[in-house]
Amino acid sequence: MSTTAAPTPPPAEPETAAAAQKESLPTSGRDFLNRIRTGDLGSLRVLFLLAIVWAIFQSQESRFLSSTNIVNLSLQITAVALISVGVVLVLLLGEIDLSVGAVSGVCSAIVAVLSVQHGWAPVPAIIAGVGVGAAIGFFQGFVSTRFGIPTFVVTLAGLLGWQGLQLKVLGETGTVNLEPGLLTDLAGKFLADSTGWIIAIVCIVFYGVGNMRGRQKRVAAGLNAPSMLLVGIRIGAVALAGLLFVYVANQDRGVPVAVLILLGFVAAFDFWTRRTKFGRHIYAVGGNMEAARRSGINVFRVRVVVFSLASSMAAVGGIMAASRLLAVNQSSGGSDLLLNSIAGPVIAGTSLFGGRGNVWSALLGALVIGSISNGMDLLAYTSATKFMVTGAVLLGAVVLDSAARMGRAASGRV
């Protein structure tokens with residue numbers, strides 16, 4: 001009688017030259033261009049794109065970079081960025097969720113109806129709406145994984161079904177106006193000037209300490225660690241961006257509470273995906289699902305949890321959108337919301353092929369997409385033009401993603 005040994009998890013991936021390269025500054029212009037081409041400096045590429053977009057619109061419309069418009073822009077991108085946080089998780093699996101827009105609409109409708117028509121307090125209503133989103137994601141992830149159905153098909157069916165449920169929830173009136181209170185304060189409250197400065201400084205200090213401690217731990221473990229210069233550049237860039245935003249926002253109404261909510265979700269999910277065991281499992285499943293299964297990872301659980309979280313974040317984004325518009329109607333979650341929620345992370349470097357990207361791409365991508373839309377609104381472009389431009393930007397991002405993937409393959413990297 002023969003026995004077959006159970007497969008054992010592979011050893012931790014060694015620190016390769018590619019991994020070391022990510023933690024160092026470019027050594028030459030050629031190295032810089034090569035790392036841009038292969039996607040290792042994806043965030044820098046997005047920042048260049050954002051600078052170009054801002055320069056173009058500012059040259060055409062002097063109000064674009066005004067303090068009022070910057071605050072408006074930060075509010076406009078909040079809902080999309082929150083939905084994109086969940087989309088990033090799905091993309092890391094190499095999957096797609098076409099239902100997030102519809103889920104945001106139906107969940108915001110549930111919150112509005114419970115709060116306004118049934119007299120629920122805002123907090124229980126919000127919990128109920130997010131809970132429904134989680135249940136929708138669980139259902140879609142379970143059906144897709146259990147029966148081997150492509151997520152494209154399952155979530156496309158969800159896109160249609162949840163839109164119908166939204167119409168059912170809203171009833172004959174089709175519109176529910178939110179009453180003043182916590183729900184409207186989510187996007188309608190602003191910090192006092194001094195509070196904004198204090199929070200910004202505290203966040204910068206925590207970010208700096210976290211980066212320094214992370215570097216020390218890698219050095220102590222004998223792993224490749226970023227140079228002190230690179231760490232300093234990262235901390236300085238974040239500090240400059242944060243303080244500059246607070247200064248500009250204080251020239252208008254102050255820092256929106258909605259921005260703090262967004263940053264809190266992004267930071268929490270970024271920590272969860274990069275610093276926890278389950279987060280690393282998401283990257284593993286997205287990189288090679290069969291290899292992840294053979295190494296002992298519960299692929300079924302990872303996929304179901306990810307889709308549940310994606311729909312939960314869609315619900316959060318829908319609630320935030322309702323808070324900004326002070327109402328929920330039949331078009332909530334529609335229009336270009338789905339396109340923008342998926343396009344943003346892809347533009348910011350999260351790969352459609354899975355296993356590559358980070359949660360911060362949700363914020364950066366939403367900022368690029370939001371800036372383009374905001375600028376075209378200021379210039380009074382038609383909806384047709386806006387859709388075509390956004391589609392062209394998305395196509396360009398996908399082409400760059402594919403080119404980066406081929407570049408990594410040509411250099412012998414995953």
Side-chain angles (χ1 to χ4, degrees), residues 78-108 110 126 129-146 149-163 165-166 261-262 264-266 268-274 276 278-279 281-283 285-286 289 299-321 333 337-346 348 350-363 365-366:
T78 299
V80 174
L82 286 168
I83 298 173
S84 292
V85 169
V87 171
V88 168
L89 302 180
V90 175
L91 292 177
L92 289 177
L93 291 179
E95 301 291 351
I96 194 74
D97 189 343
L98 298 178
S99 70
V100 289
V103 172
S104 73
V106 70
C107 292
S108 62
I110 290 172
I126 291 173
V130 176
V132 170
I136 289 174
F138 179 90
F139 170 75
Q140 293 182 156
F142 178 87
V143 170
S144 173
T145 307
R146 176 64 179 81
I149 305 174
T151 54
F152 174 88
V153 177
V154 174
T155 57
L156 179 60
L159 167 65
L160 301 175
W162 310 132
Q163 283 181 335
L165 179 59
Q166 178 180 344
I261 295 173
L262 170 60
F265 273 107
V266 171
F269 273 92
D270 178 68
F271 179 87
W272 181 68
T273 53
R274 294 192 303 110
T276 68
F278 191 91
H281 285 177
I282 296 176
Y283 282 93
V285 172
M289 185 166 63
V299 174
F300 180 87
R301 184 182 67 175
V302 169
R303 288 172 59 89
V304 170
V305 169
V306 164
F307 274 90
S308 296
L309 290 172
S311 292
S312 298
M313 290 307 301
V316 173
I319 295 169
M320 190 61 70
L337 181 62
L338 172 63
L339 169 65
N340 292 342
S341 299
I342 296 176
V346 175
T350 296
S351 176
L352 286 168
F353 301 100
R356 192 176 183 88
N358 62 74
V359 177
W360 285 101
S361 65
L363 176 58

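Throughout, residue positions are numbered sequentially from 1 according to the sequence presented.
- Residues Val302 and Leu93 have side chains in contact (heavy-atom distance under 4.5 Å, counting atoms from C-beta outward).
- Residues passing the side-chain contact (heavy atoms from CB on, under 4.5 Å) test with Leu156, sequence neighbours excluded: Leu98, Phe152, Leu159.
- Under the 4.5 Å side-chain criterion, counting only non-hydrogen atoms from C-beta, Asp97 is not in contact with Ile342.
- Distance check: Leu92 CG to Phe353 CZ gives 14.5 Å after rounding to the nearest 0.5 Å.
- In this structure, Phe278 and His281 have tilted ring planes: the angle between them lies in the 30° to 60° band.
- In this structure, Cys107 and Gly129 approach most closely via the heavy-atom pair SG-O, 3.4 Å.
- Contact of the Val87 side chain with the Val100 side chain is registered, since non-hydrogen atoms from C-beta on lie closer than 4.5 Å.
- Using a 4.5 Å heavy-atom cutoff, the side chains of Ile319 and Val130 are in contact.
- Ala81 approaches Leu262 most closely through the heavy-atom pair CB-CD1, 3.5 Å.
- Side-chain contact between Leu309 and Trp272 is present, with at least one heavy-atom pair separated by less than 4.5 Å.
- When the ring pair (Phe, Tyr, Trp, His ring centres under 6.0 Å) test is applied to Phe271, no partner is found at least two apart in sequence or on another chain.
- Within the structure, the side chain to side chain donor-acceptor pair (under 3.5 Å) test picks out no pair touching residues 310-321 (sequence neighbours left out).
- Note: Arg303 CZ to Leu89 CG = 13.5 Å, rounded to the nearest 0.5 Å.
- For the pair Ile110 and Val132, the tightest heavy-atom approach, listed with the atom from each and the gap, is CD1-CG1, 3.7 Å.
- Residues satisfying the salt bridge (Lys or Arg N to Asp or Glu O under 4.0 Å) criterion with Arg146, sequence neighbours excluded, are absent altogether.
- Taking each heavy atom of Gly86 and Met313 in turn, the nearest pair found is N-CB, 3.9 Å.
- In this structure, Phe307 has its ring center at least 6.0 angstrom away from the ring center of Phe142.
- Side-chain N or O atoms of Asp270 include none that pairs as donor or acceptor with a backbone N or O of Thr273 at under 3.5 Å.
- Remark: the backbone N or O of Ile149 is paired with a side-chain donor or acceptor of Ser144 at under 3.5 angstrom.
- Under a 3.5 Å cut-off, the side chain of Thr350 and the backbone N or O of Val346 do not form any donor-acceptor pair.
- Legend: residues meeting ring pair (Phe, Tyr, Trp, His ring centres under 6.0 Å) with Phe139, ordered by chain and number and at least two apart, are absent.
- Contact annotation: the side chain of Leu91 approaches that of Ile96 to within less than 4.5 Å [non-hydrogen atoms, C-beta and beyond].
- Judged purely by atom type and a 3.5 angstrom limit, Ser84 uses its side chain to pair as donor or acceptor with the backbone of Ser341.
- Looking at residues two or more places apart in sequence or on another chain, you find a side-chain contact (heavy atoms from CB on, under 4.5 Å) between Ile261 and Leu186, Val257, Phe265, Met320.
- In this structure, Ser99 and Gln140 approach most closely via the heavy-atom pair OG-NE2, 3.1 Å.
- By the neighbour-count criterion of 12 heavy atoms within 6.0 Å, atom OH of Tyr283 is densely surrounded, having more than that number from other residues, nucleotides or ligands.
- At distances below 3.5 Å, at least one donor-acceptor pair connects side-chain atoms of Ser308 with backbone N or O atoms of Val304.
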Under the side chain to side chain contact (heavy atoms under 4.5 Å, CB included) rule, what do Val285 and Val306 come out as? Steps first, then yes or no, please. CA-CA 11 Å; Val285 172; Val306 164; over 6 Å; no
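- Gly133 approaches Ala315 most closely through the heavy-atom pair CA-CB, 4.4 Å.
- Two residues are said to be in side-chain contact when any heavy atoms from C-beta on lie closer than 4.5 Å; Val359 and Arg274 fail this criterion.
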